[in-house]
Amino acid sequence: MKAEEVKKLDEKYVIHTYKRIPLVLVKGKGTRVWDSEGKEYLDFVAGIAVNGLGHCHPRVVKAIQEQVAQLIHISNLYYIEPQVKLAKLLAEISFGDKSFFCNSGAEAVEAAIKLSRKYGKGERYEIICMEGSFHGRTLATLTATGQEKYRKGYAPLAPGFKIVPFDDLEKAKEAISSRTVAIMLESIQGEGGINVARDDYLKGIRRLCDKNDLLLILDEIQCGMGRTGKLFSYEHYE
Ligand SMILES: Cc1ncc(COP(=O)(O)O)c(C=O)c1O
């Protein structure tokens, strides 16, 4: 299909939640992608910061091909060996004991929000979030996102979120009330403009959470999985 035809069909049939760059990409390898005209590009976007292993690494391709040839999808109603192996590996290489598997970053953050509310037992539900953050596009996660442009047009937003300046320990402390159950942040804000949390700030937030029985939610959707040189970004602060 010619590029112009792809764009025309997109215009007619795809809901435009994203403004597109006028490129029709057809293949990728490692750090490179190619458009429909055969032009090569160095891919600095990396699938919006998630293709940590590049495009089409042969071992990744082989693993995906083998799995879909064996069993496509069986829901969470059944046990499967690869899932428990991955959960075990994650427990061994992170601070966490157990994993919740889901399909997107927004879902992961949404789950953390729900988990916090369960922890608060209906008495504490407020989550302190940061200016400049990004946590996703579901109703709760865009409410937690400290950037007005993502929330515009979706009122009434979900209750129970307080936004404070990033990297300011005093402001986070002041925002804690008898309703607060968690603090949520990215150790390096991605969409907010690559803002790196100071060492003493993140350690201070950890202490604040311990002192006030608050959960600390670290959103590593963008800064995790090896992208900062360690597997998880929080490891830089240990
Ligand atoms: C820090 C952060 N949290 C959450 C999300 C949402 O992830 P997803 O687009 O997979 O829902 C993103 C996406 O860019 C992100 O950067």
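Start at 1 and go down the list; that is how both ligands and their atoms are numbered.
Salt-bridge check for Asp10 with Arg20: passed, with a basic side-chain N closer than 4.0 Å to an acidic carboxylate O. Salt bridge present: Lys85 and Glu81 bring a charged side-chain N and a carboxylate O closer than 4.0 Å. Here Glu92 pairs with Lys88 in a salt bridge; the nearest charged N to carboxylate O distance falls below 4.0 Å. One finds no salt bridge joining Lys8 and Glu4 here, because no Lys/Arg side-chain nitrogen approaches an Asp/Glu carboxylate oxygen to under 4.0 Å.
Heavy-atom proximity to Ser104, at under 4.0 Å, picks out these atoms of ligand 1: 10 (O), 11 (O). Within the listing of ligand 1, atoms 6 (C), 7 (O), 8 (P), 11 (O) sit less than 4.0 angstrom from a heavy atom of Ala106. Within the listing of ligand 1, atoms 14 (O), 16 (O) sit less than 4.0 angstrom from a heavy atom of Gln222. Near Asp219, meaning under 4.0 Å from any of its heavy atoms, are these atoms of ligand 1: 1 (C), 2 (C), 3 (N), 4 (C). Using a 4.0 Å cut-off to heavy atoms of Gly105, the atoms of ligand 1 that qualify are 6 (C), 7 (O), 8 (P), 10 (O), 11 (O). Below 4.0 Å from some heavy atom of Glu186 lie the following atoms of ligand 1, by number and element: 1 (C).
Where the criterion is an N or O separation shorter than 3.5 Å, residue side chain and backbone included, Glu107 fails it with respect to ligand 1. Polar contact with ligand 1: absent for Val109 (N/O pair, distance under 3.5 Å).
Among protein heavy atoms, the minimum distance from atom 15 (C) of ligand 1 is reached at Phe134 CD2, 3.6 Å.
Here the options are Thr141, Asp219, Thr143, the test is side-chain hydrogen bond (donor to acceptor under 3.5 Å, both in side chains), and the partner is His135; only Asp219 passes. When each of Glu191, Arg227, Glu186 is paired with Gln222, the side-chain hydrogen bond (donor to acceptor under 3.5 Å, both in side chains) condition holds for Glu191 and for no other.
Heavy atoms of His135 found under 4.0 angstrom from ligand 1 belong exclusively to the backbone.
Between the side chain of Lys162 and the backbone N or O of Ala175, at least one donor-acceptor pair lies under 3.5 Å.
There is no side-chain donor-acceptor pair under 3.5 Å between His236 and Asp199.
Contact annotation for atom 9 (O) of ligand 1: protein absent (non-hydrogen atoms, distance under 4.0 Å).
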